[in-house]
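Below is one structure, written out as structure tokens; the observations come after it.
This one's a predicted model, so the numbers in the text were calculated from it and none came from an experiment.
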Amino acid sequence: MKPEEFYQALSKRGIELNDTQKGQFEDYFHELVETNKVMNLTSITEKEQVYLKHFYDSLILDFFDEGLLTDELTLCDVGSGAGFPSIPLKIVNPNLKITIIDSLNKRINFLKGLVDKLGLENVSLVHGRAEELGQNKQYRENFDLVTARAVASMTVLTELCLPFVKKGGQFIAMKADKADEELQEATYAIALLGGKVEKQESFALPNDEGLRNLIFVDKTKETPNKYPRKPGTPSKKPLVKK
């Protein structure tokens with residue numbers, strides 16, 4: 001997907017980028033590729049693939065639910081890596097209030113430089129483990145929307161992400177294949193941690209580049225205080241019904 005194709009595809013979805021936003025995506029691409037030469041941020045570095053599999057893919061949240069990303073929304077991106085999906089969403093929705101959590105300080109430092117380069121405001125970058133920050137009153141049950149993109153299995157993601165969602169808010173997991181199987185396995189954890197599956201949506205990327213699945217989980221009650229558990233425990237001992 002060339003940049004012009006990217007702009008046209010967004011336009012068909014009702015998203016019109018101005019020159020500033022187009023420049024921000026171009027700067028993002030260059031910063032990503034240059035930094036990737038000295039730090040492992042992504043295996044995808046070819047320009048057309050970055051625009052499709054990172055930028056366009058990150059923006060599918062804007063396609064499904066009109067009015068979801070409102071101006072006053074607080075969004076937390078867990079395990080963002082090189083800033084996906086939150087930075088592309090922020091470029092397209094400048095008034096979003098974004099918090100990015102990542103366990104690797106090198107990635108946080110990259111994102112700090114990127115946010116400055118792109119001139120983005122209301123972006124908080126937090127270095128730490130989701131298991132520990134999920135027990136921190138500053139972040140726990142403090143966000144309208146929490147996202148995670150292909151970070152771990154749905155069961156593990158639920159324990160890492162749902163504690164950050166305020167009651168009445170939503171957790172959206174962005175998955176590729178096996179979403180149905182993962183969701184079935186995660187049903188117990190979702191209910192235990194205060195969530196309820198609201199819907200699941202599928203979306204085919206252009207040029208037959210694969211299927212994306214979005215799982216929308218409403219936060220219907222507060223997460224029990226003992227969750228999330230200590231770092232490493234969610235992945236070693238997933239919350240599954242015995």
Side-chain angles (χ1 to χ4, degrees), residues 10 13-15 54-102 111 115 120-126 128 130-131 133-152 154-176 179 182-183 186 189-191 193-203 212-223 227-228:
L10 293 185
R13 295 281 179 175
I15 301 171
H54 282 327
F55 296 164
Y56 188 83
D57 190 22
S58 292
L59 293 172
I60 61 176
L61 279 181
D62 263 328
F63 302 163
F64 280 115
D65 200 335
E66 186 175 351
L68 174 67
L69 302 177
T70 60
D71 285 355
E72 298 303 315
L73 189 85
T74 56
L75 184 150
C76 179
D77 188 6
V78 177
S80 177
F84 307 118
S86 52
I87 297 297
L89 289 170
K90 175 67 175 176
I91 292 172
V92 172
N93 305 274
N95 293 321
L96 281 179
K97 297 177 178 65
I98 302 289
T99 297
I100 294 176
I101 291 173
D102 200 274
L111 291 170
V115 166
L120 302 177
E121 299 179 348
N122 287 323
V123 177
S124 298
L125 302 167
V126 184
E131 297 98 323
L133 294 172
Q135 291 288 359
N136 186 321
K137 291 181 180 180
Q138 183 177 352
Y139 306 106
R140 184 179 179 86
E141 298 188 322
N142 195 48
F143 298 96
D144 299 307
L145 181 65
V146 175
T147 61
R149 181 173 176 256
V151 177
M154 186 64 193
T155 301
V156 175
L157 280 183
T158 297
E159 185 170 355
L160 297 181
C161 296
L162 210 51
F164 291 105
V165 185
K166 65 173 61 172
K167 188 177 177 180
Q170 198 168 57
F171 162 47
I172 304 178
M174 306 176 72
K175 309 294 294 184
E182 287 195 25
L183 180 55
I190 291 170
L193 299 170
K196 180 181 179 181
V197 177
E198 194 262 328
K199 63 180 176 179
Q200 179 181 346
E201 300 277 6
S202 296
F203 180 81
R212 294 293 178 264
N213 291 282
L214 274 70
I215 300 171
F216 295 76
V217 179
D218 291 341
K219 184 72 170 283
T220 59
K221 57 184 179 181
E222 293 182 356
T223 300
Y227 302 109

Is the backbone of [Y] close enough, under 3.5 Å, to the side chain of [X] for a donor and an acceptor to pair up by distance?
X: Gln170; Y: Val146; answer: no
X: Glu222; Y: Gly194; answer: no
X: Glu141; Y: Thr223; answer: yes
X: Arg140; Y: Gly134; answer: yes
X: Glu182; Y: Met154; answer: yes

Give, for atom [atom1] of [X] and atom [atom2] of [Y], the distance between the pair rounded to the nearest 0.5 Å.
X: Ile172; Y: Cys161; atom1: CD1; atom2: SG; value: 11.0 Å
X: Ile215; Y: Ile190; atom1: CD1; atom2: CD1; value: 7.0 Å
X: Thr99; Y: Gln138; atom1: OG1; atom2: CD; value: 8.5 Å
X: Leu214; Y: Gln200; atom1: CG; atom2: CD; value: 9.0 Å
X: Glu121; Y: Ile98; atom1: CD; atom2: CD1; value: 13.5 Å
X: Leu183; Y: Asn213; atom1: CG; atom2: CG; value: 10.0 Å

Closest non-hydrogen atom pair, [X] against [Y]:
X: Met174; Y: Pro85; value: SD-CG, 3.6 Å
X: Gly195; Y: Val217; value: CA-CG1, 3.9 Å
X: Thr74; Y: Phe143; value: OG1-CA, 3.5 Å
X: Lys90; Y: Val123; value: CE-CG2, 3.9 Å
X: Thr155; Y: Ala186; value: OG1-CA, 3.4 Å
X: Arg212; Y: Ile60; value: CB-CD1, 3.8 Å

Inset, instruction - Would you please test Glu131 and Leu160 for side-chain contact (heavy atoms from CB on, under 4.5 Å) and show each step? - result: CA-CA 6 Å; Glu131 297 98 323; Leu160 297 181; 3.7 Å; yes
Legend entry - Aromatic plane relationship, Tyr56 with Phe63 - under 30° parallel, 30 to 60° tilted, over 60° perpendicular: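 Correct class here is tilted.
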Inset, instruction - Test Asn122 against Asn95 for side-chain contact (heavy atoms from CB on, under 4.5 Å), laying out the working first. - result: CA-CA 8 Å; Asn122 287 323; Asn95 293 321; over 6 Å; no
Legend entry - Ile15 side chain near Leu59 side chain, heavy-atom distance below 4.5 Å: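 Sidechains of Leu59 and Ile15: no contact.
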Inset, instruction - Decide yes or no for Leu133 and Val78: does some side-chain heavy atom of the first lie under 4.5 Å from some side-chain heavy atom of the second? - result: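 Sidechains of Val78 and Leu133: no contact.
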Inset, instruction - Assess whether side-chain contact (heavy atoms from CB on, under 4.5 Å) is satisfied between Phe171 and Lys219, documenting all intermediate values. - result: CA-CA 7 Å; Phe171 162 47; Lys219 184 72 170 283; over 6 Å; no
Inset, instruction - Tell me, with the steps shown, if Asp62 and Arg13 meet salt bridge (Lys or Arg N to Asp or Glu O under 4.0 Å). - result: CA-CA 9 Å; Asp62 263 328; Arg13 295 281 179 175; over 6 Å; no
Inset, instruction - Apply side-chain contact (heavy atoms from CB on, under 4.5 Å) to His54 and Arg149, showing your working. - result: CA-CA 10 Å; His54 282 327; Arg149 181 173 176 256; 3.6 Å; yes
